[in-house]
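In what follows, a structure is listed as structure tokens, so that the remarks can point back to it.
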Amino acid sequence: MPDNTTPVVHNTAEHRFEIVEEGLIAEAHYSPVAGAWIMDHTVVPPEWEGRGIASSLVTAAIRAARAEGVKIIPTCSYVVAWLKRHRDERDLVPDEARAALGL
């Protein structure tokens with residue numbers, strides 16, 4: 001069973017960061033737009049909850065976005081909450097989105 005140290009795969013074909021194990025998938029999905037990724041959905045199987053999986057997915061997405069030079073537009077409530085806890089990553093969110101989301 002995965003935990004917060006399990007490697008996250010960037011599945012570019014499906015536009016998601018994922019952990020696939022035991023026939024289950026945890027994912028942080030994004031939609032690419034000009035110069036940004038709209039992070040719109042994060043899901044973790046119920047049996048994996050409470051293990052830091054969602055945080056690992058978002059952390060991997062943030063690192064990849066920074067490496068690729070794209071911004072993050074969070075529409076997923078989990079991603080917004082994650083960004084509220086990780087102030088040092090908010091520079092990846094465009095100013096207008098940051099203001100609208102209270103980041």
Side-chain angles (χ1 to χ4, degrees):
M1 189 167 296
D3 61 24
N4 65 352
T5 63
T6 303
V8 176
V9 174
H10 184 185
N11 182 336
T12 56
E14 296 291 329
H15 304 296
R16 68 185 183 201
F17 292 83
E18 63 187 23
I19 296 172
V20 180
E21 193 172 297
E22 302 170 5
L24 300 172
I25 185 168
E27 66 178 281
H29 181 269
Y30 65 92
S31 297
V33 295
W37 292 342
I38 299 171
M39 296 209 57
D40 54 10
H41 185 70
T42 303
V43 64
V44 174
E47 50 269 62
W48 293 359
E49 289 178 359
R51 298 175 184 272
I53 303 295
S55 182
S56 293
L57 293 167
V58 175
T59 298
I62 294 294
R63 287 181 182 154
R66 194 172 293 286
E68 293 189 26
V70 297
K71 295 288 188 177
I72 294 292
I73 302 169
T75 60
C76 169
S77 60
Y78 180 83
V79 178
V80 171
W82 188 95
L83 286 163
K84 286 182 177 181
R85 292 189 311 270
H86 297 86
R87 300 178 66 85
D88 54 326
E89 304 293 359
R90 293 182 193 172
D91 63 303
L92 287 177
V93 179
D95 291 340
E96 60 277 4
R98 198 176 323 145
L101 295 167
L103 297 172

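Residue indices begin at 1 and follow the sequence shown.
Put simply, OG on Ser31 and CZ on Arg16 are 12.5 Å apart, with the number rounded to the nearest 0.5 Å. A distance of 8.5 Å separates OG1 of Thr12 from CD of Glu68, quoted to the nearest 0.5 Å. A distance of 9.0 Å separates CD1 in Ile62 from CH2 in Trp37, rounded to the nearest 0.5 Å. Note that the CD1 atom of Ile25 and the CD atom of Glu18 stand 4.5 Å from one another [nearest 0.5 Å].
Pairing each heavy atom of Glu21 with each of Trp48, the nearest pair is O-CZ2, 3.3 Å. Closest of all the heavy-atom pairs between Arg98 and Val93 is NH2-O, 2.8 Å. Met39 and Ala61 make their closest contact through CE-CB, 3.7 Å (heavy atoms, listed as atom of the first residue, atom of the second, distance).
In this structure, Leu57 is not a member of the same hydrophobic cluster as Val20, with clusters built from ILVMFWY side-chain heavy atoms closer than 4.5 Å. Both Leu103 and Ile72 belong to a single network of hydrophobic side chains, linked directly or stepwise wherever heavy atoms of I, L, V, M, F, W or Y lie under 4.5 Å apart. Residues Val70 and Ile73 do not share a hydrophobic cluster, clusters being chains of Ile/Leu/Val/Met/Phe/Trp/Tyr side chains in contact below 4.5 Å. There is a path of hydrophobic side-chain contacts, each under 4.5 Å, that joins Val44 to Val80. Each of Ile38 and Leu92 belongs to its own hydrophobic cluster when Ile, Leu, Val, Met, Phe, Trp and Tyr are linked at side-chain heavy-atom distances under 4.5 angstrom.
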(request) Starting from the C-alpha separation in whole Å, work towards a yes-or-no answer on side chain to side chain contact (heavy atoms under 4.5 Å, CB included) for Val58 and Phe17. (result) CA-CA 8 Å; Val58 175; Phe17 292 83; over 6 Å; no
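The backbone N or O of Ser55 sits less than 3.5 Å from a side-chain atom of Tyr78, completing a donor-acceptor pair.
Ring orientation note: the planes of His29 and His15 are nearly perpendicular, at an angle over 60° on the 30°/60° scale.
We find that Arg66 and Asp91 are joined by a salt bridge, their nearest charged nitrogen and carboxylate oxygen being less than 4.0 Å apart.
No more than 12 heavy atoms of other residues, nucleotides or ligands lie within 6.0 Å of CZ in Arg87, so this atom counts as exposed by the packing criterion.
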